[in-house]
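Everything below concerns the one structure shown next.
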Amino acid sequence: MSSYFTDLAQQYIDGEWRPGTGSWDVIDFNPYDDEKLASITVATVDEVDQAYRAAARAQKKWAETNPYTRRAVFERALRLIEDREQEIADLIIAELGGTRVKAGFELHLAKEFLRESIHLALRPEGRILPSPTEGKENRVYRVPVGVVGVISPFNFPFLLSLKSVAPALALGNAVVLKPHQNTPIAGGTLLAKIFEEAGLPGGLLNVVVTDIAEIGDAFIEHPVPKVISFTGSDKVGRHVATVCAKHFKRAVLELGGNSALVVLDDADLDYAVDAAVFSRFVHQGQVCMAANRVLVDASVADEFTEKFVAKVKTLKVGDPRDPETVIGPVINSAQANAISGTVEQALAEGATALVRGSTTNNLVGPTVLTGVPADSALLQQEVFGPVVFLVPFDGEEEAVRIVNDTPYGLSGAVHTGDIERGVAFAKRIDTGMFHVNDGTVHDEPIVPFGGEKHSGLGRLNGETTLEAFTTVKWISVQHGRSGFPF
């Protein structure tokens with residue numbers, strides 16, 4: 001695994017591995033023990049331009065390549081991931097502090113999305129539509145957009161880079177990928193290496209490791225990319241959308257959330273506890289779909305809370321390499337400090353800590369808070385860490401109101417003994433995704449993934465990925481002769 005950090009600590013532009021020429025380095029640290037993993041000199045505006053120009057040159061021939069030929073690249077990439085699964089898991093654990101369970105979860109999903117991309121290469125279909133004009137034939141072609149810019153986050157970097165990169169390539173586009181500076185290998189150059197070895201022609205996938213401090217908005221303003229796929233915070237997503245609109249680009253935005261898991265009065269409480277603990281604490285709560293809020297009907301609140309608190313207290317915090325560890329480190333000290341600040345603010349506002357996790361460096365223990373004032377801003381925002389708010393409610397109407405009282409609308413879940421009651425409840429929630437008798441954290445290759453309100457624009461996965469990374473072109477053919485008024 002260590003060779004990955006040595007060999008892949010470079011830029012990958014036009015099929016070549018090379019150092020960046022910026023004036024400073026991105027330092028890649030292990031968030032658990034602060035070990036320096038790699039040092040990568042940042043890419044400059046000029047190198048971003050080189051990456052996009054290379055992508056534009058390579059894309060035309062790739063789009064004309066038989067889709068069965070394109071498909072073979074993804075089949076080989078899948079085999080490479082399967083062959084190196086343990087090495088990649090170790091890399092994920094080291095670079096982003098993911099536990100072994102989390103690394104396995106991420107790799108399982110990554111392989112599923114790659115399998116879907118194999119099929120996606122053959123998915124675009126044209127149509128012939130009738131015309132009111134005699135002798136005229138309307139052909140509608142589905143074609144690649146050209147070049148796609150992808151900006152990926154630090155929490156599931158391998159998966160969330162792959163789920164835009166692979167479909168975009170499969171559909172005949174070229175890609176320039178900018179991974180998060182905290183995960184430049186798992187979210188960036190590792191993918192370049194895999195696709196290079198799988199036989200993807202040079203120039204089609206370029207990876208630039210850099211930061212806005214170096215390049216400003218050059219990555220999204222550049223004239224070449226027609227679509228920018230961004231996964232990250234709503235604050236940055238708003239900026240990306242604004243710049244894209246100004247430059248007539250399509251923005252696909254997968255942003256933050258403030259999901260709620262709701263426990264109705266007829267729920268299986270033991271099962272609901274298991275679902276709620278996973279939904280909040282998987283990957284230290286650094287998941288956009290995580291259940292920030294757990295809402296419980298007042299009639300079962302005491303019993304649920306007792307069982308929930310007992311289970312949270314069993315979660316082992318520590319070294320992510322230990323198979324028994326459930327909660328590893330958060331990504332960096334800024335995140336750790338922000339989470340501690342959230343807890344302090346809640347307590348200052350009158351909340352009670354039923355479990356109070358301690359913070360040691362980047363290790364943040366789980367905290368369970370109750371009694372947060374109903375008008376607190378904390379209940380409306382995303383908390384990217386192992387902190388959960390327990391909120392009692394009286395009846396479904398109040399539950400619906402509380403769940404919807406947030407600027408976000410990504411995911412959520414409801415637990416009930418009556419499935420149709422759960423579905424009816426789910427229909428009233430302003431989210432892109434909602435789950436009955438399950439957790440809040442789900443992603444599947446053919447099901448539309450995305451949010452409402454501040455949680456994003458557009459969808460990915462399956463047919464919606466086709467919409468995201470292709471466009472349609474109307475070509476009409478007049479077999480006879482049209483009549484003109486002059």
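Not measured: the values here are computed from a predicted model.
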For Thr325, all residues meeting side chain to side chain donor-acceptor pair (under 3.5 Å), sequence neighbours excluded: none
Any donor-acceptor N/O pair, [X] side chain to [Y] backbone, under 3.5 Å:
| X | Y | result |
| --- | --- | --- |
| Gln286 | Val330 | no |
| Asn173 | Ala168 | yes |
| Asp14 | Ala54 | no |
| Glu324 | Lys316 | no |
| Lys249 | Pro225 | yes |
| Asn362 | Pro31 | yes |
| Asn292 | Gln381 | yes |

Pairs under 3.5 angstrom only: tabulate donor-acceptor contacts from the side chains of residues 114-125 to other protein residues two or more places apart or in another chain.
residue : atom : partner : partner atom : Å
Arg115  : NH1  : Glu112  : OE2          : 2.9
Arg115  : NH2  : Glu82   : OE2          : 3.2
Glu116  : OE2  : Arg123  : NH2          : 2.9
Ser117  : OG   : Phe113  : O            : 3.2
Arg123  : NH1  : Glu463  : OE2          : 3.2

Is the Lys NZ or Arg CZ of Lys102 less than 6.0 Å from the centre of Phe156's six-membered ring, within 45° of the axis? yes
Taking the six-membered ring of Phe449, is NZ or CZ of Lys163 closer than 6.0 Å to its centre and within 45° of its axis? yes
Nearest-0.5 Å distance that lies between atom [atom1] in [X] and atom [atom2] in [Y]:
| X | Y | atom1 | atom2 | value |
| --- | --- | --- | --- | --- |
| Lys178 | Ser161 | NZ | OG | 10.5 Å |
| Ser455 | Leu255 | OG | CG | 7.0 Å |
| Thr41 | Glu47 | OG1 | CD | 9.5 Å |
| Asp34 | Asn332 | CG | CG | 10.0 Å |

For Lys193, is there an ion pair with Glu197 - N to carboxylate O distance below 4.0 angstrom? yes
SB check Arg142 Glu467 (cutoff 4.0 Å): yes
Quick one, Ile220 with Ile151, criterion side-chain contact (heavy atoms from CB on, under 4.5 Å). Give me CA distance, side-chain angles, the key distance, then yes/no. CA-CA 9 Å; Ile220 45 181; Ile151 304 172; 4.0 Å; yes
Under 6.0 Å between the ring centres of His283 and Phe105? no
Can you confirm whether Arg250 sits close enough to Thr471 that some side-chain heavy atom of one is under 4.5 Å from a side-chain heavy atom of the other? yes
Are side-chain N/O atoms of Asn258 and His454 paired as donor and acceptor at under 3.5 Å? no
Give the C-alpha distance, both sets of side-chain angles, the deciding distance and a yes or no for side-chain contact (heavy atoms from CB on, under 4.5 Å) between Ile92 and Glu106. CA-CA 9 Å; Ile92 288 171; Glu106 181 166 3; 3.9 Å; yes
Take a 6.0 Å sphere around CG of Asp322 and say whether it holds more than 12 heavy atoms from other residues, nucleotides or ligands. yes
